[in-house]
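By convention in this document, chain letters (A, B, ...) are assigned in the order of the sequence lines, proteins followed by strands, and residues within each chain are numbered from 1.
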2 protein chains.
Amino acid sequence: MDKRSIADTRGRSQPRVKIEDVAREANVSPATVSRVLNHPEIVRPELRDKVMRHIANLSYTPDSAARALKSGRMRTIGAIVPTLALGIFAEGVEALQNRLSESGYTLFIANSQYNQRRELQEMQNLIERGIDGIVLVGGSHGRELRALVEQTGVPVITTYVSKAGGGIPAIGIDNERATREITEFLLSLGHVRFGAIANISPSNDRSRARLDGIQRALAEAGIRLQPTQVIRADYSLAQGRSALRQLLTDHPDTTAVICTTDTLAIGAMSEARKMGLSVPQALSITGFDDVELSSQVDPPLTTISIPAAEIGRGAADYLINAIAGRPVPKSVLLPYRLVMRSSTDSPRTAKRLPRRPR
Amino acid sequence: MDKRSIADTRGRSQPRVKIEDVAREANVSPATVSRVLNHPEIVRPELRDKVMRHIANLSYTPDSAARALKSGRMRTIGAIVPTLALGIFAEGVEALQNRLSESGYTLFIANSQYNQRRELQEMQNLIERGIDGIVLVGGSHGRELRALVEQTGVPVITTYVSKAGGGIPAIGIDNERATREITEFLLSLGHVRFGAIANISPSNDRSRARLDGIQRALAEAGIRLQPTQVIRADYSLAQGRSALRQLLTDHPDTTAVICTTDTLAIGAMSEARKMGLSVPQALSITGFDDVELSSQVDPPLTTISIPAAEIGRGAADYLINAIAGRPVPKSVLLPYRLVMRSSTDSPRTAKRLPRRPR
DNA sequence: GCTAAATCTGAAAACGATTTCATAAAATCG
DNA sequence: CGATTTTATGAAATCGTTTTCAGATTTAGC
């Protein structure tokens, strides 16, 4: 007993006020208090007000564990994003969170670090904790994860893509069409010698689709990218730099570089400057995502703007409806926007590579 | 009943396997299964293995609501960050998450959007959900939040600062000393005409401390910043730009600009270039945080590097220990690092403002 | 003004785990 | 080898809600 009282010193100070306490205080049954909290409309107004006053007085908050145990609902949804470091996800997540909290839901965020195993693990965590719905990013998710979704029946939606495998609904843009469009734009400016910098990885189907779009548009124009004209990179500035350097080493006559990410494009642009190539006169460069920085760099970057906030809101609405058992769309395709800024122009062969005359 | 079976169509597919199911299957009591899960060492090895096999077979996962209700522990900790858009927080959060998952904890992330009301609200959410510990950012948190911490006794730690109000323990760097050091560095280069760009807001004591450091170091050198030499901004690139413009309008002879954030510094730098001022010849600029971009811009930015990963790990360790009732340090002060790159140099008055001869 | 229907409220049974307490089996000892 | 301690297991109480079911009260109908 002595031991216990010592331990108490650092334990929860207050003994926690329970529904029973406010019931006693308000002279009603616990059932009534519960009803005031969950179905206010079915309890007589005066009584309801009285109970509410006592709830406030004792500053009672229901124990969510008990509540979740009994009701099976957690009023919580989870989002698993590949990384927190990217502005584009941050914007979507913040919109998601705002919309959810309007509906009384709380958002928990986990990150997978672009790793499918981690993603699965976080998913299991979330499900074990009784999450009501889950937001994923991208369409490639491994068989186990899809099985888990299937088995547990938790509503799931994936974002930033227009379709996903395994019957998981999606909300996002058509990545392939977007890069097709940006490529066609460059073609229309007169470019014929292209390079691509893409951050391809097994778990990143967005970049994969973007690269496909580039290649498809070029193919339609009768141009085929050779393997050395497609440089792989992760999503850092430094990789953008080295990718550009490598590309120009192998193909010094390149006039247009299409990147699957703004970060890569910005890295490439600063490397181009360092190499003495002016953008866009000597080299046109494009990005994807339209992060804040892209409009601020010099020259401002031509890129694709993604409706991240709408994606977040749409995902929230989808899950709220799905949880409530209301009908939901199978997938939602949102429009992207090609933002033409100053990092692209017609190729001017006269000015090519001033310091490599050959 | 008919209704119910229709509803079941879209509900959880499997009826959920309970502890009782695996108990029956393994010919033991539920109590034993529970012990295998929670105190494996007290059950006979062969029996334990048998039970574990059946657990795996049925792929049983304990219902965390029931578990939390009975045991009062959730094995979950929460972090409330001001924004997800900043790389510096992302790095810390990822380290936090990694360390926590090593110890069987799950991290839930919420964001307050630099808003104390939102922070309080998220905190209440977390606590209602029975979170075991909370990580905050910065030291200024409003009376209500501190009262909540006091009242519930949830272990809390705040990060990125060296001390916080209200007895909340902290892990981080001495922001004031860091800017004092960077200011002294500029003084030692010979600068005498300073400007400061700071993202001050009521909830951001980090920037406040950083600004204090600047002013203190200057005061010690006998220099006093006038109000118009201190420009307020939020944390965007665009604001960094306009802040610099305003500063140079009022004080065209400024030679050194100290920013409380890398983002502001990079914005300021690109505005300086646009105005025809070369950095560092005409103007020295410094940042704070050392984000990835800072080493990649031209010229690379002189700044303060924060041990974000260590902060994250330290916060995790603190909470794990505190929850287990082990002794914990009151506060942890971590070293920052002054990273001298090329955005700073001695002032050269000869080259001042070439296009404003006057 | 009395009966029938509608509306509220309370008592008690879940929800699925953990843990105390008691008991059965095994190990230890003289 | 019997008595005693130790160890391992099971039965049942419990955590704090929600919700069903039935009873009590009010309202409506004629």
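Looking at heavy-atom distances under 4.0 Å, B:Val28 makes contact with sugar-phosphate atoms alone, never a base. The residue B:Leu47 sits close only to the backbone: its heavy atoms come under 4.0 Å of sugar-phosphate atoms, none of a base. Base contact: A:Ser34 has a heavy atom under 4.0 Å from a base atom.
Mapping B:Ala66 and B:Val43 onto DNA chain D by nearest heavy atom places B:Val43 at the nucleotide closer to the 5' end. Of the two residues near DNA chain C, B:Arg35 and B:Leu69, the one whose nearest nucleotide lies more 5' is B:Leu69. When each of B:Pro45 and A:Lys18 is assigned the nucleotide of DNA chain D bearing its nearest heavy atom, the one mapping closer to the 5' terminus is B:Pro45.
Side-chain atoms of A:Asn98 and A:Arg313 include no donor-acceptor pair closer than 3.5 Å. Side chains of A:Glu119 and A:His141: a donor on one and an acceptor on the other come within 3.5 Å.
Using a 4.5 Å heavy-atom threshold, the side chains of A:Ile157 and A:Ile168 count as separate. Two residues are said to be in side-chain contact when any heavy atoms from C-beta on lie closer than 4.5 Å; A:Arg35 and A:Glu41 fail this criterion.
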Exercise for the section: Let me see the working for B:Arg24 and B:Asp21 under salt bridge (charged side-chain N to carboxylate O under 4.0 Å, His left out), right down to the final yes or no. Expected result: CA-CA 5 Å; B:Arg24 189 174 341 101; B:Asp21 300 328; 3.1 Å; yes
Handout entry: B:Arg99 and B:Asp317: CA distance, side-chain angles, deciding distance, salt bridge (charged side-chain N to carboxylate O under 4.0 Å, His left out) verdict
Key = CA-CA 8 Å; B:Arg99 179 59 66 95; B:Asp317 291 340; 2.7 Å; yes
Exercise for the section: Under the side chain to side chain donor-acceptor pair (under 3.5 Å) rule, what do B:Gln116 and B:Arg143 come out as? Steps first, then yes or no, please. Expected result: CA-CA 10 Å; B:Gln116 290 205 1; B:Arg143 203 169 29 74; over 6 Å; no
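Bracketed by its first and final contacts, the part of DNA chain D lying under 4.0 Å from non-hydrogen atoms of chain B reaches from D:dA8 to D:dG16 in 5' to 3' order. Protein chain B touches strand DNA chain C; the 5'-most and 3'-most nucleotides with an atom under 4.0 angstrom of its non-hydrogen atoms are C:dG16 to C:dT20.
Within the model, atoms CZ of B:Arg53 and CG of B:Leu58 stand 12.0 Å from one another, a figure rounded to the nearest 0.5 Å.
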